[in-house]
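These notes are about the structure you will find just below.
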Amino acid sequence: MINIKPPYLGCAYYPEDWPVEEIEKDAAKMKATGIQVARISEFAWSCMEKTEGVFTFDWLHNVVDTLAKYGIATVMGTPTATPPIWLSRKYPDVMQEYENGRRAQHGGRRHCCSNNEHYREYSARIVEKMAQEFADDENVIGWQIDNEIYAFGNGCMCPVCAEKFKQHLKEKFRTVDALNKAWNLTIFSQEYNFFDEIPTPRDGWINPHHRMEWKIFQQESIVEFVTMQAEILKKYVKVPVGTDVMPVNGMNYLHMNKKLDIVQFNHYNNPDNLSHCCLWFDFLRNVKDRPFWNTETSTCWNGSVNIPQSVKPEGFCYANSWLPIALGGEANMYWLWRTHWGGHEIMHGAVLDACGRPMHPYGEVKKLAKDYVRAGYFLNHTKVTTPIAIHYPSHSWNFFETQGIVQGFRYQDSVIQNYYEPITQRGLRPDLLEAAQDFSQYKVLSTPFVPSLENEGLGDRIRKWVENGGVWIVGPMTDNRNINGARYKDRPFGMLEEFLGVRWAYAVPDLNNDIKCQWVSGQPFTSRLWYELYEKDADALATVAEAPHNALVGKAVAIKKKIGKGVVFLLGTIPSADVMRGNILPLALDAAGLTTGHIGDSHNLMVARREGHGMTGVVVVEYQGKPGRYTLDKPAVELITARKLAGTIELKPYQVLVLQE
């Protein structure tokens, strides 16, 4: 049995690419590099079942055994993303149907219909055969189901999906009259008499509630498909089972991971957006009560037949590879070990080039392997801790995919730029939460761009939390829709007016940046794009100073309310990052009795405080490629270098500090 300890450094490996004699050479090079884990088999269905019903696993056993010979463990992937040609020829309907009515053809990946009975049947069979074959192999330390499975765009629109969608609607709405009312289908004479009349949402100006429900249905269909595989695997295997997801949030990852053991995540970020993957780590570490695996990132660049990125600065690979470990993961794996010599992703970066020679970040990978070991004990016995959380529900993602509210608004970008980054730039670490997750342990909670607080009873739960002492930053674009994405007919909000004792006046767009707001002190309150304005309020923090229409001037745009033992900061507009970081957040932290981080003006540091097993400390990563400064609360040992540090520390570009106090 292989004896390795996290943090794991790993890679994706495709032995089907190479002659048998090359596999041992690659395994030896992996060991010399410090690689501990290899992900294999995720696209190799045709190598296991080239002819229907004839299964060949000897070659795969040889790969696992060869890797183990060099002390490298295996994560086994189910190959259902790439079915062999015989399946699509026998059952052409397994292929996904696009919005234009055409079927996908053989030769790509993730191009089958997850609802198709034939696809599910043959997927279940290959998964079960693999599970039976490798259930007792101690060199396999985990399983990955499928690959980057997600319903992009509108997903599959085949007849099977169309019929299953109708059943989904029956179960949700019970009667077609209830559906007609929920979606306001009297408009444009859209009303249906029977569920069987409801089409797939294509080829027309489709009702937005119809489109949103279709998106949710498509994602839940994928959850069913993954759950089916998990249930098969768990009849045989004892090691963790997961599925590698991508940074798109239309899927409810609580639902996806309910029957899984471990969260797996893939990302490919650049120097200018590296904070985006941090948001996902801050989100996904809360999905399961165990460290996640970062199953894919690149040493240098991604791409298929051409490279869409420039060469990254020295140190980027090292810092990028530390982020998942600092933020709650226990594995970082590269895609891939060795560049494909031909095929779809021939130009994708790797640890080694196709000819087996190291690519330019190789030295950073080797250093990383050693540094993981040096800091491993502290990392393995502590967890990220924070008193702050941000709501980031999949329902909101699907809502804004189908109702943008105002042109130019982008949901994830606005969460990151106007809420998430201002918090992290103060040296703080927020958790991100789905609607159903518990938030009772947090002192500060931010709920921006969450149109429906009916989702998972969120409104009622927040009300109780605030009354018991929580500090809530809410808005804009929050609580202005019901669960179906429709507006309230008798009030502008579900609960905010009644709960806070405010009165909504108007909501207006500002694409031209004509509206100017100011704090009650007269200082500018910079904001953008959308304004939910409130009548004059004694607790107003900011108001409209200038506007194209005089009726807007003087209206409140930010209000602070004391509610029970708690405090609410109501925002009617999208605050600039400066206003959030420099004004609103300090007010909220003060109300909660919290202090800011210790980074001064260094907005380029990822700071993660960790605690556990009687140990405390912090991991600091410079992730923008420029100098930074961090001030320690107390003296600490920097575990990578074994130096004792105190006071203010100057960080070099892409430097990492693991500080045990």
Could you give me the CA-CA distance, side-chain angles and deciding distance for Phe399 and His395, then say whether ring-ring contact (aromatic ring centres under 6.0 Å, His included) is met? CA-CA 6 Å; Phe399 173 87; His395 186 275; 7.3 Å; no

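- Here Gln264 contributes atom CD and Glu148 contributes atom CD; the two are 11.5 Å apart, rounded to the nearest 0.5 Å.
- For the residue pair Thr631 / Thr648, a side-chain donor-acceptor distance below 3.5 Å is found, with atom types taken as modelled.
- The main-chain N or O of Leu651 is never found under 3.5 Å from a side-chain atom of Arg629 such that the two would form a donor-acceptor pair.
- Looking at Gln412, its side chain never comes within 3.5 Å of a backbone N or O of Val415 through a donor-acceptor pair.
- A donor and an acceptor atom, one from each side chain of Glu638 and Thr641, are located under 3.5 Å apart.
- Surrounding NZ of Lys561 are more than 12 heavy atoms belonging to other residues, nucleotides or ligands, all under 6.0 Å away.
- Under the 6.0 Å cut-off for aromatic ring centres, Tyr318 and Tyr623 do not qualify, their centroids lying 6.0 Å or more apart.
- For Tyr419 and Phe449, the distance between ring centers is under 6.0 angstrom.
- Residues Tyr534 and Glu532 form a side-chain contact, since some pair of their non-hydrogen atoms from C-beta on lies under 4.5 Å apart.
- For Phe281 and Phe265, the gap between ring centers is short of 6.0 Å.
- By the 4.0 Å N-to-carboxylate-O rule, Arg461 lies too far from Asp438 to be salt-bridged with it.
- Applying the 6.0 Å contact sphere to NZ of Lys29 captures more than 12 heavy atoms from other residues, nucleotides or ligands.
- A centroid separation of 6.0 Å or more is found between the aromatic rings of Trp472 and Phe439.
- Thr295 and Gln144 share no side-chain donor-acceptor pair at under 3.5 Å.
- Between Met477 and Trp530 the shortest side-chain heavy-atom distance falls below 4.5 Å.
- The only option from Val656, Leu274, Leu327 that meets the side-chain contact (heavy atoms from CB on, under 4.5 Å) definition with Met606 turns out to be Leu327.
- Using modelled atom types and a 3.5 Å distance limit, the side chains of Tyr362 and Thr33 yield a donor-acceptor pair.
- Judged purely by atom type and a 3.5 angstrom limit, Gln36 uses its side chain to pair as donor or acceptor with the backbone of Leu9.
- Between Met580 and Asn418, the closest side-chain pair of non-hydrogen atoms is not below 4.5 Å.
- Between Tyr268 and Glu296, the side chains place a donor N or O and an acceptor N or O closer than 3.5 Å (distance only, hydrogens not considered).
- Here the side chain of Arg290 pairs no donor or acceptor atom with the backbone of Ile262 at under 3.5 angstrom.
- Remark: aromatic rings of Trp301 and His348 are distant, center separation not under 6.0 Å.
- For Tyr420 and Ser275, the side-chain atoms include no donor-acceptor pair closer than 3.5 Å.
- Residue Asp272 qualifies as enclosed at atom CG: its count of foreign heavy atoms under 6.0 Å is above 12.
- Counting heavy atoms from C-beta outward, Thr297 and Trp335 have side chains that stay 4.5 Å or more apart.
- Within a 6.0 Å sphere centred on NZ of Lys562, heavy atoms belonging to other residues, nucleotides or ligands number more than 12.
- The main-chain N or O of Met615 is never found under 3.5 Å from a side-chain atom of Glu611 such that the two would form a donor-acceptor pair.
- Asp244 has a carboxylate O that lies under 4.0 Å from a charged side-chain N of Arg39, or vice versa, which qualifies the two as a salt bridge.
- Judged by distance alone, the side chains of Glu330 and Trp293 do bring a donor and an acceptor atom under 3.5 Å apart.
- Counting only heavy atoms from C-beta outward, the side chains of Leu594 and Val444 approach each other to under 4.5 Å.
- At a cut-off of 3.5 Å, with distance as the only test, no side-chain donor of Glu314 or Tyr654 sits close to an acceptor on the other residue.
- A 4.5 Å side-chain heavy-atom check between Ser396 and Pro451 finds at least one atom pair inside the cut-off.
- Trp465 contributes a side-chain N or O that, together with a main-chain N or O of Tyr442, makes up a donor-acceptor pair within less than 3.5 Å.
- Side chains of Ser414 and Arg528: a donor-acceptor N/O pair is present below 3.5 angstrom, by distance only.
- Electrostatic pairing of Asp510 and Lys516 does not count as a salt bridge here, judged by no charged N lying under 4.0 Å from a carboxylate O.
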